[in-house]
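Atoms within a ligand are numbered from 1 in the order they appear, just like the ligands themselves. Counting from 1, the numbers follow the sequence of the chain as shown. Here the structure is a predicted model, which is why all the values come from computation and not from measurement.
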Amino acid sequence: MSFFGKKIRLQRLLSGNGRLLSVAVDQAMARGIFEELMPIQRKVDEIASGGPDGITIHKGLVESCFAPFAGKTSLVLKCSTFSPWQPNYDAWVTSVLEGVRMGADAVSLGCIVGGDDQPEQIRNLGEFVAEANTFGMPVIAHIYPRGNKIPESEKMDWRHHAYAVRLGAELGVDIVKTHYTGDPQSFSKVIASTTCKVVVAGGDTGNDILSAFQMTKDVLDVGGAGITFGRFVWNNQNPTAVVRALSHIIHKDGSVQEAAQLYEDLTKTKIS
Ligand SMILES: O=C(CO)COP(=O)(O)O
């Protein structure tokens with residue numbers, strides 16, 4: 001096992017203060033067409049200009065869109081996807097080796113727990129971690145408790161999220177991304193359930209940017225390691241400003257008010 005390689009890659013990815021600010025642009029294949037994500041090169045340019053730690057992207061877009069930013073932001077190669085017709089099954093679409101060939105600093109895999117096919121999905125994740133370990137490649141797992149055995153009313157229950165992040169730790173994942181459970185008290189219990197770093201997804205189309213800043217701050221305050229947002233960033237008219245404002249909170253310990261002011265200064269848009 002190449003622990004040294006993993007250490008070097010994690011050091012590059014979490015180069016600031018051990019926290020993660022990454023932006024995912026993997027939603028088109030998973031969720032269907034979003035007009036805002038269609039001009040993908042422009043979106044990647046705008047996101048990268050804000051200086052995120054990493055960009056989570058599928059393999060075919062790495063050469064066409066990501067390559068100019070190598071050395072400025074880390075590549076997180078997304079190795080699976082769900083689909084609009086099967087939102088609860090993450091199919092493996094490439095390998096860790098491809099991430100090594102592309103120069104990735106981490107690879108990421110989705111895993112939906114709480115459903116009939118959980119055994120298959122956790123076996124995939126376990127094998128993926130084993131392959132990543134042979135290359136010294138950090139793994140970021142997107143683990144969501146939304147399988148068909150979990151009733152709709154329980155989908156944001158902290159216990160299911162605690163289960164998700166613990167499962168990640170038990171399978172050797174380095175960073176688990178899951179949903180925020182809505183309040184710092186319940187999310188602190190999620191964090192306490194695991195030994196891995198925990199980051200949160202945005203989870204919606206991101207029209208309320210102030211709530212995204214507040215969620216980011218709340219996650220950090222209870223010991224979370226940061227965020228991997230997608231729609232909150234690229235659905236915004238100014239992705240660069242959103243990334244800079246998030247960076248102020250995540251890497252400079254800035255307040256929500258300061259981030260909002262920075263965002264307003266960069267966009268000249270008043271938010272309330
Ligand atoms: O990482 C993500 C998708 O892979 C997060 O996406 P959203 O913030 O749009 O939920």
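Counting non-hydrogen atoms of other residues, nucleotides and ligands closer than 6.0 Å to CD of Gln86 gives a total of 12 or fewer. When the shell of 6.0 Å around CD of Gln11 is examined, it contains 12 or fewer heavy atoms from other residues, nucleotides or ligands.
A donor atom on one side chain and an acceptor atom on the other are found under 3.5 Å apart for Asp116 and Asn148. With hydrogens and angles left out, the side-chain atoms of Asp265 and Gln261 include a donor and acceptor closer than 3.5 Å.
Close N/O approach between Asp26 and ligand 1 is found [any backbone or side-chain N/O within under 3.5 Å]. Residue contacts with ligand 1: Asp204 is placed with no nitrogen or oxygen under 3.5 Å of a nitrogen or oxygen of the ligand (distance criterion only). Ligand 1 has a nitrogen or oxygen under 3.5 angstrom from a nitrogen or oxygen of Gln27. For ligand 1, one of its N or O atoms has an N or O atom of Arg231 under 3.5 Å away. Considering backbone and side-chain N/O of Gly230, one or more are found under 3.5 Å from N/O of ligand 1. Looking at Phe232 next to ligand 1, no N or O pair under 3.5 Å apart turns up. For ligand 1, one of its N or O atoms has an N or O atom of Gly203 under 3.5 Å away.
A salt bridge links Lys155 with Glu152: the distance from a Lys NZ or Arg NE/NH1/NH2 to an Asp or Glu carboxylate oxygen falls below 4.0 Å.
In this structure, the separation between NE2 on His58 and CE on Met29 is 3.5 Å, given to the nearest 0.5 Å.
Under a 4.0 Å heavy-atom criterion, Thr56 is not in contact with ligand 1. Under a 4.0 angstrom heavy-atom cut-off, Phe229 registers as being in contact with ligand 1.
A continuous path of ILVMFWY side-chain contacts below 4.5 Å connects Val100 to Val139, so both sit in one hydrophobic cluster. Both Val113 and Trp158 are assigned to one and the same hydrophobic cluster, defined by single-linkage of ILVMFWY side chains at heavy-atom distances under 4.5 Å. Linking ILVMFWY residues whenever their side-chain heavy atoms come closer than 4.5 Å, directly or via other members, places Trp92 and Met137 in the same cluster.
For ligand 1, the atoms lying closer than 4.0 Å to a non-hydrogen atom of His142 are 1 (O), 4 (O). Short contacts between ligand 1 and Gly202, defined as distances under 4.0 Å to a heavy atom of the residue, involve ligand atoms 7 (P), 8 (O), 10 (O). Numbered from 1 in the order shown, with element, the atoms of ligand 1 that lie under 4.0 Å from a heavy atom of Ala24 read 1 (O), 2 (C), 3 (C), 4 (O).
Protein heavy atom at the shortest distance from atom 2 (C) of ligand 1 is Lys177 NZ, 3.1 Å.
In Thr228, the parts holding a heavy atom less than 4.0 Å from any atom of ligand 1 are both the side chain and the backbone.
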